[in-house]
Participant: 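Quick one: this structure, given as C-alpha cells, is what I'll be asking you about.
In what follows, chains are A, B, ... by sequence order, proteins preceding strands, each numbered from 1. Everything quoted here is computed from the prediction, not taken from an experiment.
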There are 2 protein chains.
Amino acid sequence: MNKKQVTTEHHHFPWDHPRFRSWIAVARACQLMQQTLTRELAHLDIKPPHLDILINLYRFDGITQQELARKLLVGRSNMSMLLPQLEKRGLIERRGDERDKRVLRLSLTPAGRTLTEEAMEIQTALIEKSLTGSPIEDCMTVAQSMERIIATLLKEDGDREHGPSSAER
Amino acid sequence: MNKKQVTTEHHHFPWDHPRFRSWIAVARACQLMQQTLTRELAHLDIKPPHLDILINLYRFDGITQQELARKLLVGRSNMSMLLPQLEKRGLIERRGDERDKRVLRLSLTPAGRTLTEEAMEIQTALIEKSLTGSPIEDCMTVAQSMERIIATLLKEDGDREHGPSSAER
DNA sequence: ACATCATTGTACAACGATGAACAAAAAGCA
DNA sequence: TGCTTTTTGTTCATCGTTGTACAATGATGT
C-alpha cells in the first residue's frame, strides 16, 4: 500500500509535474543566491545589479547603454537610473561618441576596475562554494538545459520587441 | 601563437570557470522566465509574486503570514504590503486566530481559488513549453543540483536569522 | 533638400522588495 | 504574579525595475 494506489499519471496539480518541480527549484535557488550575493557584496557598497553592469564593462569596454541593457535583459531606462550613480562614485565613465551623438560609450575607471575584480572574486567564490556539491558534468547538463530555455524564451520574446537579441552576457 | 600560450587551467577570469558560466545561464533563464510569466499573467491582472502567494494558499489553507513569508523566502513586511491588495480584490481572506491573537490565518475565497487555477494553468504551460527541449532525466539532474544549492545556501542563511527554515514551497 | 521613420538616452510615476523601528500578544522565567 | 524576551504583523523610507512619454540625433526614401 505504499504506492498510494495512484496508477494513473494525471498530474492534477502543478507540483506533481516533474518539470514544474524542477523549475521551482531553479527559481528558489536563484532567489537564494541573489540574496546571499547581496549580503556578501554589502561591504563593497554595491548590489548584484551594479555588479552585472561592472562585469560587462570589464569585458566589453566602450559598450553603449543600449547594448548593455540588452545584454542584461533590462530596459534602457534602468541603465539611465543606475549608470549616473556609478559615474558619480567614480567607478565608470560616460563619453559621447563623436560619430553618433546619440550614444554614450561606457568604460571603467581604474577604481572601477579594481572594485570589479574584488567583487568578481566574491561572486566566483560564492558560486564555487554553492556548486561544489554538483559534479562538473551535472553543471554542464544544467547549463545546456538553461541555454535551451533561454533560446526558447528569447525567440518569442525577441519577435515582439527590440529586434535581434543576443544576451550572451 | 593563437593558443595564447595558456596551457594551464588557471581561469584568470570568472567567465572561464565552467561553474560560473553554468550559473550565469541559470540566472538569465530565471530572469527571462519571470519576464515571460509576467506578460502571460497580465490579462489576469496579477504578477508572479501574487501567484506565488496564491499557490501557497491553495496548497496550505489557513497558513499564517509568517509561514507564508518563510516559504517564499521574503520578509514579513513584504506580505504586509501584498496581502491587503489581494484581500481588497476579494481573492483571499484574513481571519484572526482566536487562540493566538497575533496571527492572521489566510485562505482563498472561491474567486481566488478559480483565479489561482487559471494562473497555474498558464504557468504550467509556460514551463512545459520551455522545458520540452530537455529530457526528463536532465530535469531531474537540474532539480537535484538546485536542491543541493538551496540546502547549502539555506544552511548558512538560516544560521543568521529566522530560525529553522524549510522553504519547501 | 525634405519629410518620415527608427534609434538612443532621459524623466517620471507606479510597483515590488528590503530592513529598521514599532505595537501588541504570547511565552519563558524569576 | 511581574518582568523580560520572543514572536507576529504593520509602517515607513529607500531602492531597483518597468513602461510610457519625450527630446535629440541619425537613417531612409522620395
Participant: Given atom CG of B/L51 and atom P of C/dG16, what is their separation to the nearest angstrom?
Facilitator: 14 Å

Participant: Roughly how many Å is it from CE in A/M81 to P in C/dA11, rounded to a whole number?
Facilitator: 9 Å

Participant: Respond yes when some side-chain nitrogen or oxygen of A/Q85 is under 4.0 Å from OP1 or OP2 of D/dC15, and no when none is.
Facilitator: no

Participant: What is the separation between atom CG on B/D97 and atom P on C/dA27, rounded to the nearest whole Å?
Facilitator: 11 Å

Participant: Are OP1 or OP2 of C/dT10 and a side-chain N or O of A/Q65 less than 4.0 angstrom apart?
Facilitator: yes

Participant: Decide salt bridge (Lys or Arg N to Asp or Glu O under 4.0 Å) for A/R28 and B/D52; before the verdict, give the C-alpha distance in whole Å, the side-chain angles of both, and the deciding distance to 0.1 Å.
Facilitator: CA-CA 11 Å; A/R28 287 288 172 262; B/D52 270 356; 3.8 Å; yes

Participant: Of B/P84 and A/H50, whose closest DNA chain D nucleotide lies nearer the 5' terminus?
Facilitator: B/P84

Participant: Can you measure A/L82 atom CG to C/dT10 atom P for me and round it to whole angstrom units?
Facilitator: 12 Å

Participant: Between D/dT17 atom C1' and A/I53 atom CD1, what is the distance in whole Å?
Facilitator: 12 Å

Participant: Nearest to the A/R94 side chain among D/dG16, C/dT10, C/dT18, which nucleotide is it?
Facilitator: C/dT10

Participant: For C/dT8, does OP1 or OP2 lie under 4.0 Å from any side-chain N or O of A/Q66?
Facilitator: yes

Participant: I need the NZ-P distance between B/K88 and C/dC15, as an integer number of Å.
Facilitator: 13 Å

Participant: Is there side-chain contact between A/R21 and A/D16, with at least one heavy-atom pair below 4.5 Å?
Facilitator: no

Participant: Taking A/L131's backbone N and O only, do any of them form a donor-acceptor pair with B/R19's side chain (distance below 3.5 Å, no angle check)?
Facilitator: yes

Participant: Of A/Q31 and A/M79, whose closest DNA chain C nucleotide lies nearer the 5' terminus?
Facilitator: A/M79

Participant: Under 3.5 Å, side chain of B/Q35 to main-chain N/O of A/L73, donor-acceptor pair present?
Facilitator: yes

Participant: Walk me through it: do A/R89 and A/E87 pass the test salt bridge (Lys or Arg N to Asp or Glu O under 4.0 Å)?
Facilitator: CA-CA 5 Å; A/R89 287 178 55 183; A/E87 192 180 24; over 6 Å; no

Participant: Does B/S77 contact C/dG19 through a side-chain donor or acceptor facing the base, at a distance under 3.5 Å?
Facilitator: yes

Participant: Where the side chain of B/P49 is defined as all heavy atoms beyond and including C-beta, which of C/dG16, D/dT8, D/dT11 is the nearest nucleotide?
Facilitator: C/dG16

Participant: Is the distance from OP1 or OP2 of C/dG16 to the nearest side-chain N or O of B/N78 less than 4.0 Å?
Facilitator: no

Participant: Once you apply a heavy-atom cut-off of 4.0 Å, does A/T64 come out as touching a base, just sugar-phosphate, or nothing?
Facilitator: sugar-phosphate

Participant: What is the distance, to the nearest angstrom, from the CD atom on A/Q35 to the P atom on C/dA17?
Facilitator: 11 Å

Participant: Among A/L86, A/I46, A/L51, A/L108, which one satisfies side chain to side chain contact (heavy atoms under 4.5 Å, CB included) with A/L115?
Facilitator: A/I46

Participant: Could you state the atom-to-atom distance from CZ of B/R39 to P of D/dG19 in whole Å?
Facilitator: 9 Å

Participant: Side chain of A/V74: nearest nucleotide among D/dT11, D/dT18, D/dT10?
Facilitator: D/dT18

Participant: Strictly under 3.5 Å: I want the nitrogen or oxygen pairs between protein and nucleotides 22-29 of chain D, one per line.
Facilitator:
| residue | atom | partner | partner atom | Å |
| --- | --- | --- | --- | --- |
| D/dG26 | OP1 | A/K101 | N | 3.2 |

Participant: Answer yes or no: is there a side-chain heavy-atom contact under 4.5 Å between B/Q123 and B/P48?
Facilitator: no

Participant: Side chains of B/Q65 and B/R94: do they bring a donor and an acceptor to under 3.5 Å?
Facilitator: yes

